[in-house]
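What follows is a single structure, written as structure tokens, with notes after it.
The sequence lines fix the lettering, A, B, ..., with proteins before strands; numbering per chain opens at 1. Heavy atoms only: backbone and side chains are in, while hydrogens, waters and symmetry mates are out.
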Amino acid sequence: MSTPHEAAQLHSRLLGWFAEAARELPWRGGATPWGVFVSEVMLQQTPVVRVEPVWHEWMRRWPTPTALAAEAPGEAVRAWGRLGYPRRALRLHAAATAMRDEHGGEVPPTEAELLTLPGVGVYTAAAVAAFAFGERTTVVDTNIRRVLARARSAQQYPAPALTRAELALAASLVPEDREEAATWNVAVMELGALVCTARSPQCDACPIADLCAWRLAGSPAHDGPPRRGQAWHGTDRQARGALLAVLRESDGPVTRAALAAAVPDEVRRERCLDGLVSDGLVEPLARGRFQLPGASQAGPAPERAVEAPAVPEPAEARYAG
DNA sequence: AATCCGTGGCG
DNA sequence: TCGCCAAGGAT
């Protein structure tokens, strides 16, 4: 498949490029393991530019796992803002609680322990072990999958799901040296994020363009089955987002009427509300009111519920049904 | 294994 | 304009 010489060439090219071109991100170099952990969860399916300001705010408010664990989970959901997939905020809070209760208030340093935490899968466990603790792991994210698919498999895009072959390929390329391995993982990710992008790869700026199997094959177009996008308009995800936005932006409990303004369709609204409650993202109160979970223990209970706005928000800000 | 889960920017 | 995409995880 590949010779040791080819692998060594890849290593020196990529590591050299990374030393020159790497972004200075706040969770790189100098961040605590907790800071790295929070960044990795926030970065799951969310771009760096949107994560940065929220990450700073979280580090200011909750500099340690114990600090976050002491808060109501609803505060984590509120501070999550519009990063998307708010269950991640809940899982981050649960992970902080587990760190406090089972790991002496620290981020556990091994992949195996990290994997037991809520919201931590194979990628995040490897990434935290590598980037926070310098472990020699095999990190495989969407960037690395795409870079390796092109550079080594002559494919424009990787398969829909991670395959054994991909994992084996990624593992075979991780340098033996511990420090070099950690840098390798972040360097391949960075190449995928900045140069070897999904839409319009900047092959002219690529340090391994002359070694890239996809380029050498003439940059053939993707031939597999068409990649399915996710529906959005008229979905429960859209409605859940609209409902949670109302809760986030309100200081206290919210009436059902206020939620009805966000999602007019009653059947969908009630179904999504039930889902949010069973997910732990929303807490039902008496008399048809709702709030973010555990809000009452974070401070004095607000006296007055927020009523439905007299003037509806612009239609595009609401769930249209 | 296939689906579900948010949000916003860009080509 | 609109589909695609972004440091995935859980079921």
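In this model, the phosphate group of B:dT7 is not approached by any side-chain N or O of A:R240 to a distance below 4.0 Å at OP1 or OP2.
Looking only at atom types and distance, the side chain of A:Q45 has no donor-acceptor partner in the side chain of A:R88 under 3.5 Å away.
Here A:V120 lies in heavy-atom contact (under 4.0 Å) with sugar-phosphate atoms only. The residue A:W27 sits close to a base: some heavy atom pair falls under 4.0 Å. Nucleic acid contact for A:R146: sugar-phosphate only, since backbone atoms but no base atoms lie under 4.0 Å from a heavy atom of the residue. Among the heavy atoms of the strands lying under 4.0 Å from A:L83 is at least one base atom, whether or not backbone atoms are also near. As judged by a 4.0 angstrom heavy-atom cut-off over every strand, A:R23 is placed among the base-contacting residues. Counting non-hydrogen atoms under 4.0 angstrom, A:T124 reaches the backbone sugars and phosphates but no base. Nucleic acid contact for A:V122: sugar-phosphate only, since backbone atoms but no base atoms lie under 4.0 Å from a heavy atom of the residue. Contact annotation for A:S39: no contact, since no heavy-atom pair falls under 4.0 Å across all strands. Nucleic acid contact for A:G84: base, since at least one base atom lies under 4.0 Å from a heavy atom of the residue. Across all strands shown, A:L25 has heavy atoms under 4.0 Å from base atoms, whether or not it also approaches the sugar-phosphate. At the heavy-atom level, A:A127 lies nowhere under 4.0 Å from the strands shown.
Taking the P atoms as reference points, B:dG6 lies 14 Å from C:dT11, given to the whole Å. Nucleotides C:dC4 and B:dT3 place their P atoms 16 Å apart, quoted to the nearest Å. On the C1' atoms, C:dA7 is 23 Å away from B:dA2, given to the nearest whole Å.
Partners of A:W34 according to the ring pair (Phe, Tyr, Trp, His ring centres under 6.0 Å) rule, which considers only residues two or more places apart in sequence or in another chain, do not exist here.
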Dump every N/O contact between nucleotides 9-11 of chain B and the protein below 3.5 Å, one line per pair.
residue, atom, partner, partner atom, Å
B:dG11, O4', A:R199, NH1, 3.4

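When rounded to the nearest whole Å, the span between CG of A:L281 and P of B:dC5 equals 12 Å. The separation between A:L276 atom CG and B:dC4 atom P is 16 Å, rounded to whole Å. The nearest whole Å value for the distance from the CE atom in A:M42 to the C1' atom in B:dT7 is 15 Å.
A nucleotide of DNA chain C counts as in contact with chain A when one of its atoms lies under 4.0 Å from a heavy atom; the first and last such, 5' to 3', are C:dG3 to C:dA10.
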